[in-house]
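Below is one structure, written out as structure tokens; comments come after it.
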Amino acid sequence: MNKAETGEGRIQYVSKFMPVLSSIKKEYSKRKPFKGIRIAMALHVEPKTAFLVRTLEAGGAKVAITGCNPLSTQDDVVSALKASGTKVYAKYNQTDKGYYNSLHKILDIKPDVVIDDGSDLISLIHKEREELIPNIRGGCEETTTGITRLKAMLKEKKLRFPVIDVNDANTKHLFDNYYGTGESTLTAILSTTNAMISGKNVVVAGYGYCGSGIAAKAKGLGANVIITEVDPVKALRAKMDGFTVMPMKEAAKIADFIITATGMRDIVTKEHFRVMKDKCFLANAGHFNVEINVEQLEEISKSVEQITPDIKQYNLGNKILFLLADGRLVNLASTKGLGHPMEVMDMSFSLQALCAKYVLENKLPIDIIPVPQQIDNKVAKLKLRAMHIRIDNLSKQQKAYKQAWDIGT
């Protein structure tokens with residue numbers, strides 16, 4: 001099979017496990033809500049994303065897509081999308097220059113709507129492609145890191161079009177961030193290293209939705225999980241959930257694995273590398289490759305050797321450390337990483353498809369807009385239906401009771 005055939009087969013395969021997005025695609029095929037609309041997308045270019053592209057195109061959209069991480073693009077999926085007529089500019093292992101050139105190319109379609117993951121695309125529009133802003137009706141942002149950047153833009157009054165905060169919808173962060181990140185991160189690490197997690201000290205930096213999901217999965221595999229945090233409430237939650245909590249300076253001394261999931265830079269630096277055990281594995285599950293300071297690791301190493309495409313060995317003289325996927329998003333940047341499971345991305349990408357339509361149908365203020373409750377609930381209900389799960393409904397009396405203030409004694 002050539003690349004396009006392989007990629008097409010993988011797209012068709014995941015579509016069978018994405019019933020919510022499939023139902024939306026069927027609806028969009030009939031109603032064509034995106035007829036004449038141009039959509040620019042910067043997402044991880046892999047099979048599940050490709051099915052989102054196909055859904056939007058079924059609705060009449062002209063789509064141009066590139067990657068949101070140089071190492072997460074899967075070239076066979078790119079070939080399949082190109083073969084079916086989609087404008088794709090992503091390529092695995094692009095240089096930084098190539099990465100930003102690709103972002104510019106998808107913007108050349110003069111989009112009406114943008115869909116982003118990490119806000120590199122939205123940031124670029126505001127810094128270098130301001131001429132496009134009058135035509136942009138709005139955007140959707142997929143991830144925590146991107147929303148953090150957008151909030152900074154909004155605070156500085158730099159944001160110039162509305163953006164839907166898809167990341168914080170209940171059917172996104174409670175499932176994608178928690179279950180998806182936990183499962184895909186551990187799967188990628190296990191497949192990449194062939195090392196055992198059970199009985200090992202696994203340090204997870206950050207106890208947000210992503211970090212707590214990773215911690216839960218590692219615990220389920222038999223690891224002794226240690227959490228590092230800066231937020232006192234999250235640290236307390238981690239302790240109450242049964243995990244050991246300590247500063248990274250202490251955790252690094254006993255770690256067999258360190259997994260970062262904070263969205264913050266310099267979580268693991270040379271002060272930590274120097275005290276680590278021999279053969280400690282370092283992996284990042286955050287969006288950008290800034291959490292593990294790779295420059296400092298190289299600076300204090302006597303030699304560096306590429307062991308496999310996904311494992312780099314750093315010799316510090318008295319020990320060796322292993323860095324996975326160059327410190328990038330391990331669940332996608334590793335050649336063994338397939339990203340979040342199909343079933344969970346079914347919900348996340350259904351939100352994207354519905355929110356893109358919402359942007360077009362409503363005149364929104366320039367702000368970071370929460371996903372409307374009716375969209376969040378629609379995705380949840382469709383998912384339950386696809387799983388053949390029924391739930392209770394409130395009676396008229398219960399609805400009245402819920403809305404009353406004078407309920408008696």
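Just the heavy atoms: all of them, side chains too, but no hydrogens, waters or symmetry mates, feed the values below. Residue numbers count from 1 along this sequence.
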Please determine whether a side-chain nitrogen of the Lys or Arg among [X] and [Y] lies less than 4.0 Å from a carboxylate oxygen of the Asp or Glu.
{"X": "D376", "Y": "K172", "value": "no"}
{"X": "E27", "Y": "K378", "value": "yes"}
{"X": "R129", "Y": "D108", "value": "yes"}

Trace of the side chain to side chain donor-acceptor pair (under 3.5 Å) decision for R385 with S23:
CA-CA 11 Å; R385 185 186 302 169; S23 68; over 6 Å; no
[X] (side chain) donor-acceptor with [Y] (main chain) under 3.5 angstrom:
{"X": "N284", "Y": "F288", "value": "yes"}
{"X": "R137", "Y": "D112", "value": "no"}
{"X": "S119", "Y": "I122", "value": "no"}
{"X": "E291", "Y": "T262", "value": "yes"}
{"X": "Q296", "Y": "K270", "value": "yes"}
{"X": "T185", "Y": "N331", "value": "no"}

Could you list all the ring-ring contact (aromatic ring centres under 6.0 Å, His included) pairs where at least one residue sits in [range], not counting sequence neighbours?
{"range": "residues 326-353", "value": "none"}
{"range": "residues 156-198", "value": "H126-F161, H173-Y209"}
{"range": "residues 218-240", "value": "none"}
{"range": "residues 266-285", "value": "F257-F281, F281-F322"}

Side-chain polar contacts of residues 214-230 - donor-acceptor pairs under 3.5 angstrom, sequence neighbours left out - could you list them?
unit_1, atom_1, unit_2, atom_2, d
N224, ND2, N201, OD1, 2.6
E229, OE1, D231, N, 2.9
E229, OE2, Y207, N, 2.7

Evaluate whether atom [atom1] of [X] has more than 12 neighbouring non-hydrogen atoms of other residues, nucleotides or ligands under 6.0 angstrom away.
{"X": "M246", "atom1": "CE", "result": "yes"}
{"X": "K200", "atom1": "NZ", "result": "yes"}
{"X": "K277", "atom1": "NZ", "result": "yes"}
{"X": "N194", "atom1": "CG", "result": "no"}
{"X": "K249", "atom1": "NZ", "result": "no"}
{"X": "E295", "atom1": "CD", "result": "no"}
{"X": "L394", "atom1": "CG", "result": "yes"}

Within a strict 4.5 Å, meaning less than it, do heavy atoms of the [X] and [Y] side chains meet?
{"X": "L332", "Y": "N69", "value": "no"}
{"X": "L316", "Y": "L297", "value": "yes"}
{"X": "C280", "Y": "L321", "value": "yes"}
{"X": "T171", "Y": "K383", "value": "no"}
{"X": "H104", "Y": "Y89", "value": "no"}
{"X": "P19", "Y": "D346", "value": "yes"}
{"X": "K151", "Y": "L154", "value": "no"}
{"X": "P70", "Y": "R328", "value": "yes"}

Applying side-chain contact (heavy atoms from CB on, under 4.5 Å) to S348 and M345, what does each step give before you reach the verdict?
CA-CA 5 Å; S348 297; M345 292 310 299; 3.9 Å; yes
Given the options R10, K82, K3, D76 meets salt bridge (charged side-chain N to carboxylate O under 4.0 Å, His left out) only with R10
Any chance the side chains of [X] and [Y] put a donor and an acceptor closer than 3.5 Å?
{"X": "T73", "Y": "Q94", "answer": "no"}
{"X": "N177", "Y": "N167", "answer": "yes"}
{"X": "R237", "Y": "S212", "answer": "no"}

Determine, step by step, whether D326 and K312 satisfy the side-chain contact (heavy atoms from CB on, under 4.5 Å) criterion, reporting the C-alpha distance in whole Å, the side-chain angles of both residues, the deciding distance to 0.1 Å, and the verdict.
CA-CA 7 Å; D326 291 331; K312 197 172 281 188; 3.5 Å; yes
Could you walk me through whether N93 and L71 pass side-chain contact (heavy atoms from CB on, under 4.5 Å), step by step?
CA-CA 5 Å; N93 204 16; L71 292 182; 3.2 Å; yes
Sequence neighbours excluded - salt bridge (Lys or Arg N to Asp or Glu O under 4.0 Å) pairs with any residue from residues 301-310:
none
Using the side-chain contact (heavy atoms from CB on, under 4.5 Å) rule, pick out the option among I106, T49, V78, L52 that qualifies with I65.
T49
Walk me through whether L132 and K110 qualify under side-chain contact (heavy atoms from CB on, under 4.5 Å).
CA-CA 6 Å; L132 300 173; K110 298 180 180 179; 3.9 Å; yes
Only one of T143, T144, D117, T145 passes side-chain hydrogen bond (donor to acceptor under 3.5 Å, both in side chains) with H287; say which it is.
D117
